Each structure stands twice: as C-alpha cells, then as structure tokens.
Amino acid sequence: MLRFILSVLCLLVPYTCFLGDKALRTADVSALAANDGAYTCAGLFRSMGLEGVVGWNAFRQAVTGYYKITDRRRDILTLIDFSLPSTQKRLFVFDMKQRTLLYSSVVAHGKNSGEVYATSFSNEYGSYKSSLGFYLTESTYQGKNGYSLVLNGLEKGINDRARERAIVMHGAAYANPTVADRGGRLGRSFGCPAVPTNLSRPIIDAIKGGSVMYIYAESPDYLAHSSVLGHTDQI
C-alpha cells in the first residue's frame, strides 16, 4: 500500500506544485506528505536549502512547468529570475534528481528589456528584448560569442522565435559582476541570457542536450497566455 501511495504522489508532483500543498490534502495523503514533504514544491524548496536564495514564486512556476514538459531528456532545471536586478545572482541550475543547486550566477538581459531590471519582453525579431517562458536546451556550437548553447522556445507567441532571433546562452565580458560593481548594472545583450565568461562553459555543459529552462518575471500577461502553465491565477 505504501508503495502504491508513493507512486501516486510521484504522479501528483506537478499538480501539488501547481495548486500548492493543499492538493495533497485533497488527495487524502496528507499524513504521508507530512513525513515526506519532498513530493511537494515546498518540500523540494526546503530540501534544496533555497530559502533566502531563490524566490519561491519563480521556483514553484519553474518546477510546475518542468514536470509538465515531457520532452525533456535531462533531470536538470535552469531558472532565470528577472524579478531580480542584474546586480544579483538570478540564474539557478538545479539537479532535480539529486535535489541540489548546481550553479547560481548573474545573467544579463536584453538591452531593450530594461536597465537594472528587465521589465519589458518580446518574441519579435530585432526587438533586442528577452523572452519569458519555458525552453528546452539543444546543442552547442562555437560562434562569435564563443561557446554557445541553442535554446528552443516552447511557447507560441511568447518565445517560439528564439531560434530565428538567435537567442542562445553564451558567455560575455559585459556579464561579469565587476561590470555591475563599476556601473550599477550588468551590460546587456541583444536578448540572450549571457553569463560570466568563466562560468559559461561549465553551466552550458551542465544544461545542454534537452534540459528545461524557465525565464521568470512577475508578469500576469505571461501567465494568461502561457501554454505550459495554463490560464490560471493559482500559480
């Protein structure tokens, strides 16, 4: 019986993240959830030691989408939290199988998305803005920005033109923290999530080949149109 309940809980993970811990009580498995909270988003958050490090709302949305994206080939989730300023670490790479935080880093946003904060987003070619939503990572290549990672935007009208726009992850000198120390913000990209040059290869190697990336902002408009998270006010 315990094995059966555990298997049911594994299937319920995306829904407990989506609705919050109350979904477990609705499923009449609250006693087991209390003993093994890692089956909920809150449990994952606690077990990874993310309190005070990663924003809860961004994490919950990222994990919800991660479990909904069945085409993923890696147990790795990358969260970029654009509710934070570019002067702070706002890129987080999680090993979802081992329940560990692998990397945290600053990351640049698009030059037309904002100054210190990214507040405006676009899917349009030539906008030089970042795009929100869920992506799958693909292959790597050597380009004008060095070692780079192709990103496949999964959400129509939100980020599905990422490949056309050449929105990739790469390293950049303007994305180093020393730039923010001097000028009050990181430099900005043409829409790519650019990371410090010394971290670009290890981060790209950790997430390449079919892992999920989620770029978050406090955006009701995104939630209203997201094909992954759905039209809901409960996230």
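On a predicted model such as this, the values are computed, not experimentally measured, just so you know.
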- Query: Got a salt bridge between Glu115 and Arg188, using NZ or NE/NH1/NH2 to carboxylate O under 4.0 Å?
  - Reply: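 Looking at Glu115 and Arg188, the cut-off is met.
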
- Task: Show your reasoning for whether side-chain hydrogen bond (donor to acceptor under 3.5 Å, both in side chains) applies to Arg161 and Ser131.
- Result: CA-CA 9 Å; Arg161 300 182 71 181; Ser131 300; over 6 Å; no

Distance check, rounded to the nearest 0.5 Å: [X] atom [atom1] versus [Y] atom [atom2]?
{"X": "Leu50", "Y": "Leu44", "atom1": "CG", "atom2": "CG", "result": "9.0 Å"}
{"X": "Ser219", "Y": "Phe82", "atom1": "OG", "atom2": "CZ", "result": "12.5 Å"}
{"X": "Gln142", "Y": "Ser148", "atom1": "CD", "atom2": "OG", "result": "7.0 Å"}
{"X": "Ser226", "Y": "Leu132", "atom1": "OG", "atom2": "CG", "result": "10.0 Å"}
{"X": "Asn159", "Y": "Ile215", "atom1": "CG", "atom2": "CD1", "result": "7.5 Å"}
{"X": "Asn152", "Y": "Met213", "atom1": "CG", "atom2": "CE", "result": "12.0 Å"}

Determine whether a donor-acceptor pair (N or O, by modelled atom type, separation under 3.5 Å) exists between the side chain of [X] and the backbone of [Y].
{"X": "His225", "Y": "Ile158", "value": "no"}
{"X": "Thr78", "Y": "Val93", "value": "no"}
{"X": "Asp205", "Y": "Pro202", "value": "no"}
{"X": "Ser83", "Y": "Glu218", "value": "no"}
{"X": "Asn112", "Y": "Ser127", "value": "yes"}
{"X": "Asn145", "Y": "Gly171", "value": "no"}

When hydrophobic residues are tied together by side-chain contacts of less than 4.5 Å, even through go-betweens, does [X] share a cluster with [Y]?
{"X": "Leu223", "Y": "Tyr135", "value": "yes"}
{"X": "Phe45", "Y": "Leu102", "value": "yes"}
{"X": "Met169", "Y": "Val179", "value": "no"}
{"X": "Leu136", "Y": "Val63", "value": "yes"}
{"X": "Val107", "Y": "Tyr147", "value": "yes"}

- Item | Trace of the side-chain hydrogen bond (donor to acceptor under 3.5 Å, both in side chains) decision for Gln61 with Tyr214 | CA-CA 8 Å; Gln61 290 183 21; Tyr214 178 50; 2.5 Å; yes

Please report the closest heavy-atom contact between [X] and [Y], naming both atoms and the distance.
{"X": "Val106", "Y": "Pro196", "answer": "O-CD, 3.5 Å"}
{"X": "Thr87", "Y": "Ala180", "answer": "CG2-CB, 3.9 Å"}
{"X": "Ser227", "Y": "Glu155", "answer": "N-OE1, 3.0 Å"}
{"X": "Phe121", "Y": "Ser113", "answer": "CD2-OG, 4.3 Å"}
{"X": "Ala194", "Y": "Tyr174", "answer": "CB-OH, 3.7 Å"}

Just wondering, do [Y] and [X] contact through their side chains at under 4.5 Å, heavy atoms?
{"X": "Leu149", "Y": "Thr140", "answer": "yes"}
{"X": "Asp81", "Y": "Val54", "answer": "no"}
{"X": "Pro193", "Y": "Ile167", "answer": "yes"}
{"X": "Arg90", "Y": "His109", "answer": "yes"}
{"X": "Val168", "Y": "Tyr141", "answer": "yes"}

- Task: Go through the steps to decide whether Leu154 and Asp160 satisfy the test side chain to side chain contact (heavy atoms under 4.5 Å, CB included), and finish with yes or no.
- Result: CA-CA 6 Å; Leu154 301 180; Asp160 62 323; over 6 Å; no

- Query: Between the side chains of Thr137 and Arg74, is a donor N or O closer than 3.5 angstrom to an acceptor N or O?
  - Reply: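 Checked: Thr137/Arg74 side chains show no N/O donor-acceptor pair below 3.5 Å.
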
- Answer yes or no: does atom NZ of Lys208 have more than 12 heavy-atom neighbours from other residues, nucleotides or ligands under 6.0 Å? yes

- Query: Can you check whether Phe94 and Phe59 have ring centres sitting under 6.0 Å from each other?
  - Reply: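 Ring-ring flag for Phe94/Phe59: true, centres closer than 6.0 Å.
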
